[in-house]
Amino acid sequence: MSVEFQSTLFAGAPATPASERRTLSHGAWVDVARDWLPDADDVFATLVDAVPWRAERRAMYDRVVDVPRLVHTYMIDEPLPHPGLEAARDLLSTHYADELGEPFRTAGCCYYRDGRDSVAWHGDTIGRGSTDDTMVAIVSLGDPRRLHLRPRDPERRAESFAVEMGHGDLVVMGGSCQRTWEHAVPKVASAGPRISVQFRPFNVF
């Protein structure tokens, strides 16, 4: 695959990944670290070509539709396609060890080819995420897209907000975020290609 996007060169990752924490309701929180991943241009280019991207189809109501993005998941002990992602996963595991209590083990990859690709409102509640506090750490590469978050409780929707994820940015959702909040990346009128890498602990999807 060959893609182009407006790149931004970064000097390198900060000393700690959690540069800004936003405390949410019900024990949820979100950390945001800007310009976090070193060599983001090289990581992006490698992932475009090296990840075995696949298109999925999903039953929705009375029909089967295309999932609006390409996907691939690296499971436990599978090597990641770029050493920068291996280093990022290890650093995140170390940094969040006291709060998470276990390492990040898998890396889900989503390829948003343009503004028509998206992900609907959801929480990562397949597996232990449905009952336990956990974390999902997202590294964003490529064109900026907005990650929208809202409480599951409709009466608290006024607390909804969005985080713009830029090239090399890190967003970590922790605490009860997967159970008590939802997140989405909506379609937009115009956007270049973007890759999202989601690090998760064992048995969280």
Side-chain angles (χ1 to χ4, degrees), residues 5-24 28-48 51 69 71-74 80-112 119 122-124 129 133-149 161-178 181-186 191-202 204-205:
F5 69 98
Q6 185 65 37
S7 68
T8 302
L9 298 176
F10 301 128
T16 60
S19 59
E20 175 187 341
R21 175 163 296 190
R22 179 167 181 160
T23 301
L24 310 177
W29 52 261
V30 173
D31 283 348
V32 178
R34 301 295 183 188
D35 301 353
W36 181 71
L37 186 71
D39 301 320
D41 288 348
D42 185 58
V43 177
F44 178 86
T46 298
L47 295 186
V48 168
V51 174
R69 59 194 176 278
V71 299
H72 180 73
T73 298
Y74 291 90
L80 300 182
H82 194 284
L85 293 180
E86 302 268 5
R89 183 189 57 197
D90 293 345
L91 178 59
L92 290 166
S93 293
T94 299
H95 181 77
Y96 287 105
D98 290 342
E99 290 179 284
L100 183 57
E102 59 183 315
F104 291 94
R105 303 294 301 276
T106 65
C109 300
C110 293
Y111 186 16
Y112 299 80
V119 61
H122 72 287
D124 293 1
D133 284 1
T134 189
M135 292 185 200
V136 177
I138 301 172
V139 175
S140 189
L141 298 157
D143 246 31
R145 291 289 292 269
R146 292 176 72 82
L147 177 71
H148 291 250
L149 296 103
F161 68 101
V163 177
E164 182 166 284
M165 296 177 293
H167 184 47
D169 287 354
L170 170 72
V171 176
V172 181
M173 296 178 285
S176 70
C177 200
Q178 302 306 321
W181 283 67
E182 298 175 317
H183 54 279
V185 178
R194 169 184 176 260
I195 293 174
S196 169
V197 181
Q198 311 105 43
F199 294 111
R200 297 181 177 91
F202 173 69
V204 175
F205 301 97

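Note: hydrogens, waters and symmetry copies are ignored here, and every other heavy atom, side chains too, is used.
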(request) Taking atom CZ of Phe202 as the centre, report whether more than 12 heavy atoms of other residues, nucleotides or ligands fall under 6.0 Å from it. (result)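 Not buried by this count: 12 neighbours or fewer within 6.0 Å.
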
(request) Under the ring pair (Phe, Tyr, Trp, His ring centres under 6.0 Å) rule, what do His122 and His183 come out as? Steps first, then yes or no, please. (result) CA-CA 6 Å; His122 72 287; His183 54 279; 4.2 Å; yes

Considering only heavy atoms from C-beta outward, does the side chain of [X] approach that of [Y] to under 4.5 Å?
X      : Y      : result
Asp143 : Tyr112 : no
Met173 : Trp181 : no
Leu100 : Pro201 : yes

Measure across [X] and [Y] and return the closest heavy-atom pair with its distance rounded to 0.1 Å.
X      : Y      : answer
Pro38  : Val43  : O-CG2, 4.2 Å
Pro81  : Val51  : CG-CG2, 4.0 Å
Pro186 : Arg145 : O-NH2, 2.8 Å

Value rounded to 0.5 Å, distance of [atom1] in [X] from [atom2] in [Y]:
X      : Y      : atom1 : atom2 : answer
Phe205 : Gln198 : CZ    : CD    : 12.0 Å
Thr46  : Leu80  : OG1   : CG    : 12.0 Å
Leu47  : His82  : CG    : NE2   : 7.5 Å
Asp169 : Asp35  : CG    : CG    : 6.0 Å
Trp29  : Thr23  : CH2   : OG1   : 9.5 Å
Phe199 : Arg105 : CZ    : CZ    : 13.5 Å

(request) Mind checking salt bridge (charged side-chain N to carboxylate O under 4.0 Å, His left out) for Arg200 and listing every partner two or more places apart, or none if nothing turns up? (result)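 If we apply the salt bridge (charged side-chain N to carboxylate O under 4.0 Å, His left out) test to Arg200, skipping adjacent residues, the hits are Asp124.
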
(request) Return the set of residues passing salt bridge (charged side-chain N to carboxylate O under 4.0 Å, His left out) with Glu164 (not counting sequence neighbours), or none when no residue passes. (result)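 Partners of Glu164 by the salt bridge (charged side-chain N to carboxylate O under 4.0 Å, His left out) criterion come out as none, since no residue qualifies.
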
(request) Just do the side chain to side chain contact (heavy atoms under 4.5 Å, CB included) check on Ser196 and Val119 with the steps written out, would you? (result) CA-CA 11 Å; Ser196 169; Val119 61; over 6 Å; no

(message) Would the distance check show the side chain of Ser176 and the main-chain N or O of Asp133 forming a donor-acceptor pair, the cut-off being under 3.5 Å?
(response)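 A pair under 3.5 Å: no.
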
(request) Report yes or no: does Arg89 contribute a side-chain atom to a donor-acceptor pair with the main-chain N or O of Thr106 at less than 3.5 Å? (result)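 Answer holds: no.
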
(request) Could you tell me how the ring of Phe44 sits relative to the ring of His167: parallel (under 30°), tilted (30 to 60°) or perpendicular (over 60°)? (result) perpendicular

(message) Among Val185, Val32, Val30, which residue satisfies the side-chain contact (heavy atoms from CB on, under 4.5 Å) criterion with Leu147?
(response) Val185

(request) With Leu170 as reference, evaluate Asp31, Leu92, Leu37 under the side-chain contact (heavy atoms from CB on, under 4.5 Å) test and give the passing residue. (result) Leu92

(message) Checking Arg194 now: which residues fulfil side chain to side chain donor-acceptor pair (under 3.5 Å) with it, not counting sequence neighbours?
(response) Ser140

(request) Carefully, step by step, assess Ile138 and Val136 under the rule side chain to side chain contact (heavy atoms under 4.5 Å, CB included). (result) CA-CA 6 Å; Ile138 301 172; Val136 177; 4.2 Å; yes

